[in-house]
S.K.: 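Please read through the structure below; I'll follow up with questions.
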Amino acid sequence: MDKYEQVIELAKRRGFLWNSFELYGGSRGFYDYGPLGSTLKRRIEQIWREFYIIQEGFMEIECPTIGIEDVFVASGHVGGFSDPLCECKKCGEAFRADHLVENVMAAAGTLNAEQLTQVIKEKGITCPECGGEFNDAYEFNLMFKTTIGPGTGRQGYLRPETAQGMFVDFQRLSRFYREKLPFGAVQIGKSYRNEIAPRQGVIRLREFTQAECEIFTDPRNKTHPNFERFADRELTLYSREGQEKGESVRMTVREAVEKGIIAHEFLGYNLALTNEFLTKIGVDPARLRFRQHLKDEMAHYAIDCWDAEIEMDRFGWVETVGIADRTDYDLKAHSKVSKTELAVYVEYPEPRMVTSFVVKPNMGKLGPVFKGKAKAVSEALKALSEEELSRDEIKISVDGEDITVSSDMVDFAEETVKVSGETVVPHVIEPSYGIDRIFYGTMEHAFEAEDVAVKAAESGLKGAGGARDVNAENLMGAVEAEGEAEGETEEETRIVMRFSSAVAPVQVAVLPLMTRKELVDPSKEILAKLREKNLLVAYDDSGTIGRRYRRNDEIGTPYSVTVDYASLEDKTVTIRDRDSMRQIRAPVEGIEDLLYEMIYRGRKFESAGEPFNF
RNA sequence: GCGUUGAUGGUCUAGUGGCUAUGACUUGGGCCUUCCAAGCCCAAAACCCGGGUUCGAAUCCCGGUCGGCGCACCA
């Protein structure tokens, strides 16, 4: 069993992830988040909100998951999000039809499926694998299609990304932020892609959760106002150059921007922010890197793009976040299709005096003379130089016809005007998170199967791991010796999810030592107190205490509170730390505040009470 | 989508053309005055779906679904 299998098995058993529609045999590319999975995911999203909405000040919006056709025509998804496929009749191999045709003619990419089929038939293109004939080519679009309204309705698509919502709402957002760059908006929600062959569990889904942020920046100034916050933060960078050598480097954001490895401060800041977020929710920094897109894999309009990659046991380095400078591509595309200016007026620090040559055709006179051609005449006049306009009879050519205009029909002059700003189309910086992949990465990095005897010795526990007489100094020797002596004895392993208490789906377990009324009642009182404090608490009185500790280790509960007989006498309980398995005794009075501090304020476990049982 | 391989309680697993289909762990109820899954009693729970062959199919055959792997695909 590799780590992926172990994690997925645990996730299934403990209510983190389930295959969707299992009752009916399931369907590929869909997963349900169970009770603990939903909670964990929501907590990850909530921390994301703290980062982007509270700290960065980019407000959240919520747009429909169904989009109308125009949106995706503009975004390029209708035309570019599909591939023409073609299968061999004999061996069944599938090929990109346009790739097949490329060898015999240029511009194959511009042909549709029907035309491609025709070319393949005419040129007698056969399967490169086995020489068999091909079926007709067909378009496979990765967007789910749907119909809006009854009857023939209107073509709609399930959104393949959340980003378009922010672009479509650009004008409203711009007004909301009182037209001051930079500003941004975020969206967390479902997106849909009809993948041809989804695999690898939650890594490639047909319905998945994205958290995307679109930051609209001034294209002429990509310094970041808060750059110093992260300037000296070290990141693992796997740059274009590094990829040639196959090695990544640790480097501060400042150095990377100064050396031009990261295109500018704005991107650098956002890389660091992503690094901060991922490590906060429990991604192992040693298994996190930022990989720069190679020139040929980057969209043609992008200036620079970095992926945050998380290393996973089975899949290697997996892209989890994309951080790109998409320039003005998206706004211009929507501007063109919607025939609306999507831009921001930026005032200059000082108004500028601009001198220009202005031609003012007198439409009142041109109109009656030239009638329908008046407009074309006026346009032609505007293109003339001062010298040409100075003549008594001005000659122009409209639609191949020579026309003479008398000088009283047009005025012109050199004018100096005060210009206090200009209209700019903002550049978009886009951090785009794949929440499901991050969720799985957190699960895998939190997962650990450790030897109980070794663990108990390390923590100096009495009575743990079968109370074997092992001490820390000759630990390795002892373990080896034991291994040789009783080679067939199975080591007892403890499976523990080391979730950060910031994301753990259960924060505290309350456990009566035994299922007896005198212990159960005070336990339930503690349970109620902790819930009042808004902590995520679970109560468990089934089975032995050791079993319950293990159960909670498996779901990553950071602390367990146990009520024993001493509790009845001195009003104290034990608190057990998941990672070290150590315990302390602390008073019941104020236990809710103590745990709150440990979970949210980083209060050290050791400082919370008297050592107990070790 | 093609090829290949698999599918037995919640999990892991034994098994076979034929009576009530193993076992372990888990889970639930109860007992136990004391802390790290192995104390005791009791209980619940499975042959992926559809068709065919057969007196009889969970087992053999065909198709489907889901999972693993390889190829293709991953804007």
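Here is the naming used below: chain letters follow the sequence lines, and residue numbers restart at 1 for every chain.
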S.K.: Calculate, to the nearest 0.5 Å, the distance between atoms CD1 and CE belonging to A/Ile303 and A/Met298 respectively.
M.R.: 8.5 Å
S.K.: Distance check needed: B/A46 P versus A/Glu22 CD, whole Å only.
M.R.: 16 Å
S.K.: Sticking with atom C1', work out how far B/G52 lies from B/C12, rounded to a whole angstrom.
M.R.: 33 Å
S.K.: Is the shortest side-chain N/O distance from A/Arg516 to OP1 or OP2 of B/C32 below 4.0 Å?
M.R.: yes
S.K.: Start at the 5' end of RNA chain B and walk down; is the nucleotide closest to A/Thr515 or to A/Asp577 reached first?
M.R.: A/Thr515
S.K.: Taking atom C1' of B/G10 as reference, at what distance in whole Å does atom CD1 of A/Ile555 sit?
M.R.: 16 Å
S.K.: When both hydrogen-bonding distances must be under 3.5 Å and the geometry is Watson-Crick or G-U wobble, what is B/C31 paired with, if anything?
M.R.: B/G39
S.K.: So is A/Arg576 actually on top of A/Tyr549's ring, under 6.0 Å and inside 45° of the axis?
M.R.: yes
S.K.: Quick check on B/C69: is either OP1 or OP2 less than 4.0 Å from any side-chain nitrogen or oxygen of A/Arg314?
M.R.: yes
S.K.: Under a 3.5 Å cut-off for both contacts, is B/U59 paired Watson-Crick or G-U wobble with anything, and if yes, with which nucleotide?
M.R.: none
S.K.: When you measure from the side chain of A/Glu9, which nucleotide among B/U11, B/C35, B/U27 comes out closest?
M.R.: B/U11
S.K.: Expressed as a whole number of Å, how far does the P atom of B/A14 sit from that of B/G39?
M.R.: 26 Å
S.K.: What residues form a side chain to side chain donor-acceptor pair (under 3.5 Å) with A/Arg494, not counting sequence neighbours?
M.R.: A/Glu450, A/Asp553
S.K.: So which nucleotide does B/A72 pair with, by the Watson-Crick or G-U wobble rule with both distances under 3.5 Å?
M.R.: none
S.K.: Under a 3.5 Å cut-off for both distances, is B/A45 Watson-Crick or wobble paired, and to whom?
M.R.: none
S.K.: Can you say whether the rings of A/Tyr4 and A/Phe315 are parallel (under 30°), tilted (30 to 60°) or perpendicular (over 60°)?
M.R.: perpendicular
S.K.: Side-chain atoms of residues 162-170 of chain A: list all donor-acceptor pairs with protein atoms under 3.5 Å, sequence neighbours left out, distances to 0.1 Å.
M.R.:
residue: A/Thr162; atom: OG1; partner: A/Glu212; partner atom: OE1; Å: 2.5
residue: A/Gln164; atom: OE1; partner: A/His334; partner atom: NE2; Å: 2.7
residue: A/Gln164; atom: NE2; partner: A/Glu161; partner atom: OE2; Å: 2.7

S.K.: Under a 4.0 Å heavy-atom cut-off, which of residues 538-549 of chain A touch RNA chain B?
M.R.: A/Ser542, A/Ile545, A/Gly546, A/Arg547, A/Tyr549
S.K.: Identify which nucleotide among B/C74, B/A72, B/U26 has an atom closest to any side-chain atom of A/Ala197, counting heavy atoms from C-beta outward.
M.R.: B/A72
S.K.: Under a 3.5 Å cut-off for both contacts, is B/A14 paired Watson-Crick or G-U wobble with anything, and if yes, with which nucleotide?
M.R.: none
S.K.: A/Leu511 CG to B/C35 C1': how many Å, rounded?
M.R.: 10 Å
S.K.: Starting from P on B/G39, measure out to CG on A/Leu513 and report it in whole angstrom.
M.R.: 15 Å
S.K.: Can we call the ring centroids of A/Tyr157 and A/Tyr192 under 6.0 Å apart?
M.R.: no
S.K.: Tell me the interatomic distance from A/Arg13, atom CZ, to B/A37, atom C1', rounded to whole angstroms.
M.R.: 11 Å
S.K.: For B/A45 versus B/A21, give the span between their P atoms, rounded off to a whole number of Å.
M.R.: 13 Å
S.K.: Tell me the interatomic distance from A/Glu554, atom CD, to B/U11, atom P, rounded to whole angstroms.
M.R.: 14 Å
S.K.: With a 4.0 Å cut-off, would you call A/Arg585 and A/Glu610 a salt bridge?
M.R.: no
S.K.: Please give the distance between the C1' atoms of B/C69 and B/C62 as a whole number of Å.
M.R.: 24 Å
S.K.: Which of these nucleotides, B/C74, B/C36, B/U33, is closest to any side-chain atom of A/Met514?
M.R.: B/U33
S.K.: Nearest to the side chain of A/Arg551, which nucleotide is it out of B/U26, B/C36, B/C73?
M.R.: B/U26
S.K.: Nearest-Å distance, CZ (A/Arg494) to C1' (B/C35)?
M.R.: 14 Å
S.K.: Would you check if there is a donor-acceptor pair between the side chains of A/Arg159 and A/Gln210 at a distance under 3.5 Å?
M.R.: no
S.K.: Assign each of A/Glu569 and A/Gln200 to its nearest nucleotide of RNA chain B by heavy atoms, then name whichever residue's nucleotide is nearer the 5' end.
M.R.: A/Glu569
S.K.: In whole Å, what separates the C1' atom of B/A46 from that of B/U11?
M.R.: 12 Å
S.K.: What's the CG-P distance between A/Asp451 and B/C36, to the nearest Å?
M.R.: 16 Å
S.K.: Is A/Arg516 paired with A/Glu518 through a side-chain N to carboxylate O contact shorter than 4.0 Å?
M.R.: yes
S.K.: Which residues satisfy the side chain to side chain donor-acceptor pair (under 3.5 Å) test with A/Lys571, sequence neighbours excluded?
M.R.: none
S.K.: Rounding to the closest angstrom, what is the interatomic distance between B/G70 and B/G10 at atom P?
M.R.: 30 Å
S.K.: Are the side chain of A/Arg548 and the backbone N or O of A/Pro512 linked by a donor-acceptor pair below 3.5 Å?
M.R.: yes
S.K.: With no angle test and no hydrogens, is the base of B/G10 tied to the side chain of A/Arg14 by a donor-acceptor pair under 3.5 Å?
M.R.: no
S.K.: List in chain and number order the residues that pass side chain to side chain donor-acceptor pair (under 3.5 Å) with A/Gln6, two or more places apart in sequence or in another chain; answer none if no residue qualifies.
M.R.: none
S.K.: When you compare B/G18 with B/A58, how far apart are their P atoms, in angstrom units rounded to a whole number?
M.R.: 11 Å
S.K.: Report all interatomic pairs (protein N or O, nucleotide N or O of nucleotides 63-67 of chain B) with separations under 3.5 Å.
M.R.:
residue: B/U65; atom: O2'; partner: A/Gly25; partner atom: O; Å: 2.9
residue: B/C66; atom: OP1; partner: A/Arg28; partner atom: N; Å: 3.2
residue: B/C66; atom: O4'; partner: A/Gly25; partner atom: O; Å: 3.2

S.K.: Please give the distance between the P atoms of B/A57 and B/C19 as a whole number of Å.
M.R.: 12 Å
S.K.: May I ask you to verify whether the side chain of A/Glu195 and the base of B/C74 hold a donor-acceptor pair under 3.5 Å?
M.R.: no
